[in-house]
Amino acid sequence: MSAVLNFKSHLAHLFAEALRVVAPEAEVAILIERPKQASHGDYACNLAMQLAKPLRQSPRNIAQALIAALPASDVIQKVEIAGAGFINVFITTAAKQAVVKTVLQAESEYGRGKVGAGRKVQVEFVSANPTGPLHIGHGRGAAVGDCLCNVLAASGWDVTREFYYNDAGAQIDNLRSSVQLRCQGITPDDPSWPENGYRGDYIADVARSYMAQETVEADDQHITGKGDVHDDEAIRHFAVAYLRREQDQDLRAFRVGFDVFSLESALYSEGKVAATVENLIASGHTYEQDDALWLRTTDFGDDKDRVMRKTDGGFTYFVPDVAYHLDKWQRGFTRVINEQGADHHSTITRVRAGLQALNVGIPKGWPDYVLHQMVTVLRNGQEVKISKRAGSYVTLRDLIDEVGCDATRYFLAARSPDSQLVFDIDLATSKSNENPVYYIQYAHARIQTVLKQCEPLVFGDANVGLLDSEEEKAVLQQLIDYPEVVETAAHDLAPHLIAFYLKDLAADFHRYYNATRFLVDDEAIKLARLSLCAATAQVIHNGLGLLGVNAPDTM
RNA sequence: GUGCCCGUAGCUCAACCGGAUAGAGCACUGCCCUUCUAAGGCAGGGGUUACAGGUUCGAUUCCUGUCGGGCACACCA
């Protein structure tokens, strides 16, 4: 039996052959697509319409010639010309049925591809400042970033997940002074509370813990509170460790892990910031003005030059950022993707400009960025304003506790990062049935229940040729599509495509389930149907795995 | 004012980097459980794809402009 399952690329090759015969000179892209309507076949090619102009012939005539030149293939049942000149291809049912055995043999490997070819890619995401708990915006970054990593890994990339801590700036000093004031019993409603001090209750928790001389564990370090109200350095050290621990715990509860944690403070202590500044000066793209050092970012597409070293001698934040990205490059990551909130988009130009100015062979558009738009939270039909300073926000921890990890991850990852997201807490909790994640998980659970009643099952003997109802063909086609969906999600850096796909697969399965009885007397039919069920469950399992969502056996 | 993202059914979103009659869910109406999980399925109504032009065989998709929403435009991070 022919093992061709990637019909799209198979057909593309066939049409390329036909094109060489019909119009060897033509330079057109061969595009095979899935028609929306079943009557238009399984796959369609628009080559004839594209060739109409250069060949000065009618599309239908060209289509006729292309079909005549199309090499034979045992997966093609028939080819038709339709509409203005579409070439519609129908795949034999037998070729589609083969997917069942392929899935059952490959198991969790089904859908994994080799496009990445083992190349290294580093994905930086979350990268929250250690100045407070993770909020829902970080949650979106965590969900999107983690799924993106999973999808890239499934496409054959060697993925490194990295978290960058801005632990060395003005906001850290802010944190320190806020904690210090709390240690002294001063609260945010006191008139002496600084304008930009952190007001959240968690600051009081940090202060209490510090004064009680508790020990926190973060990043393999044990830090014990000194209890000394006047030791700035000890307070800063403890507060950062305390909040990092909180973030680590939240991320673990969200099932997100990292391979590497990078610290901004380390870039300073290891001299990487100083070295980067020296190299930028040596590059000739800097100048002194008004007692400050400027980088001529306008040489690289920025709309104005940027200060590197302030009049007070400190560096602006993007200088360590450039040093950090140079470090990524020197670690051998020719591909880097930064997943961030859209409120950081102005940094892109500056970081890239700094890297270009260094002139060390870094490509112009490096690194890549995936920016997710802002998340609005609705509670009781009202928007919850997120403000870290005012201390009002919805934490990731709240969401995990109230909504659950599965639903939260799905909700936050199931939308294009380019779109703003409205997270309605009441909808996600009180009416959790409406959440599509349950719809998908339910399909998986239903299958497991059915399979459990017939164990042990040996699908090797299953006659998949018996699967030819409309509902069965729809499910088969979905299973065939899965590897391509994974590949597209990785290529487009669009993990939400997995979520949409799973919803469609679940819908086709539920339709099949309602229309068909599996546990029938005819053993051959029963085994064939159960093999399709098992293959469907496998793909749901694999897809949900990419989203970091569980595939439960019972609900 | 400048840059980036978005605008599709009453609501939340799709439409495979230009394709054929723009699709789901929620909500609304009516059906389907003595048999595998009804957290499910079937049927019905609901649209000038914000607006106006342009590009071409063909536009929700690309280009220009207008309107509307969000984000960012520091010697803050």
Side-chain angles (χ1 to χ4, degrees), chain A residues 8 31-37 39-40 44 46 49-50 52-53 58-59 82-86 88 129 131 166 168-172 174 196 264 289-294 302-304 306-318 320-321 341-349 371-374 376 414-422 424 427 431-443 445-454 481 484-485 488 491-492 494 496-497 500-501 503-504 506-507 509-520 526 529-530 533 554-555:
Chain A
K8 220 175 211 183
L31 199 66
I32 307 292
E33 51 193 11
R34 298 281 317 282
K36 288 172 190 162
Q37 268 186 268
S39 64
H40 292 150
N46 63 359
M49 271 124 67
Q50 291 183 65
K53 197 164 217 179
S58 86
F86 289 100
N88 295 335
N129 293 341
T131 54
N166 286 105
Q171 85 283 0
I172 292 296
N174 230 332
N196 50 5
E264 183 185 10
Q289 187 181 306
D290 306 330
D291 292 327
L293 179 67
W294 297 69
D302 206 350
D303 53 354
K304 54 183 163 187
R306 306 290 169 175
V307 169
M308 291 172 59
R309 193 182 58 231
K310 300 178 280 182
T311 46
D312 69 4
F315 294 111
T316 54
Y317 80 94
F318 90 91
D321 233 14
D343 52 342
H344 289 85
H345 77 89
S346 64
T347 73
I348 297 176
T349 315
L371 299 181
H372 63 259
Q373 296 295 315
M374 300 291 97
T376 347
R415 193 132 307 158
S416 164
D418 282 340
S419 300
Q420 287 166 233
L421 178 60
V422 178
D424 187 332
L427 187 77
K431 295 186 191 173
S432 59
N433 301 358
E434 293 174 14
N435 194 316
V437 73
Y438 294 105
Y439 183 79
I440 297 163
Q441 290 180 320
Y442 185 47
R446 272 181 145 178
I447 295 171
Q448 296 306 334
T449 303
V450 175
L451 294 178
K452 209 160 286 171
Q453 298 178 39
C454 305
D481 287 344
E484 189 191 322
V485 172
T488 305
H491 180 267
D492 295 352
H496 65 284
L497 295 178
F500 290 136
Y501 166 80
K503 221 164 65 173
D504 290 343
F509 178 77
H510 284 307
R511 200 166 300 132
Y512 177 41
Y513 182 98
N514 274 75
T516 317
R517 182 150 180 82
F518 304 131
L519 304 180
V520 292
K526 181 169 87 176
R529 289 178 180 169
L530 291 180
C533 287
T554 57
M555 287 182 73

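Note on naming: letters A, B, ... go to the chains in the order of the sequence lines (proteins, then strands), and numbering restarts at 1 for each one.
Each of Asp492(A) and Thr516(A) lies near RNA chain B, and the nucleotide nearest Asp492(A) is the one positioned closer to the 5' end. Judged by closest nucleotide on RNA chain B, His345(A) is the one of Leu519(A) and His345(A) placed further toward the 5' end.
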Which pairs, protein N/O on one side and nucleotides 20-22 of chain B N/O on the other, fall under 3.5 Å?
residue	atom	partner	partner atom	Å
rA20(B)	OP2	Lys36(A)	NZ	3.2
rA20(B)	N6	Asn88(A)	OD1	2.7
rA20(B)	N1	Asn88(A)	OD1	3.3
rA20(B)	N1	Asn88(A)	ND2	3.2

N/O to N/O distances under 3.5 Å, protein versus nucleotides 5-7 of chain B:
residue	atom	partner	partner atom	Å
rC5(B)	O2'	Asp418(A)	O	2.4

Dump the pairs, protein N or O against N or O of nucleotides 41-44 of chain B, anything under 3.5 Å, distances to one decimal.
residue	atom	partner	partner atom	Å
rG41(B)	OP1	Tyr439(A)	OH	2.5
rG41(B)	O4'	Asn514(A)	OD1	3.1
rG41(B)	O4'	Asn514(A)	ND2	3.3
rC42(B)	OP1	Arg511(A)	NE	2.5

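Across all their heavy atoms, Gln420(A) and Arg415(A) have their closest contact at O-CD, 4.5 Å.
Between Arg415(A) and rC13(B), a side-chain N or O to OP1/OP2 separation shorter than 4.0 Å is present.
Not a single donor-acceptor pair, N or O on each side, falls under 3.5 Å between the base of rC16(B) and the side chain of Thr488(A). The base of rG3(B) is not paired with the side chain of Asp303(A) by any donor and acceptor separated by under 3.5 Å. Side-chain N/O atoms of Tyr442(A) and base N/O atoms of rA39(B) include no donor-acceptor pair closer than 3.5 Å.
For the salt bridge (charged side-chain N to carboxylate O under 4.0 Å, His left out) test, residues two or more places apart in sequence or in another chain that qualify with Arg34(A) are Asp481(A). Residues satisfying the side-chain hydrogen bond (donor to acceptor under 3.5 Å, both in side chains) criterion with Ser58(A), sequence neighbours excluded, are Asn61(A). Here Lys503(A) pairs with nothing under the side-chain hydrogen bond (donor to acceptor under 3.5 Å, both in side chains) rule; sequence neighbours left out.
Phe518(A) has its ring centre less than 6.0 Å from the ring centre of Tyr512(A).
The side chain of Ala170(A) lies closest to rC76(B) when the candidates are rC57(B), rC76(B), rU37(B). Candidate nucleotides rC75(B), rU37(B), rC71(B) were compared by shortest atom distance to the side chain of Thr316(A), and rC75(B) ranks first.
Remark: Arg306(A) fails to qualify as a cation-pi partner of Phe318(A) under the 6.0 Å distance and 45° angle criteria applied to the six-membered ring.
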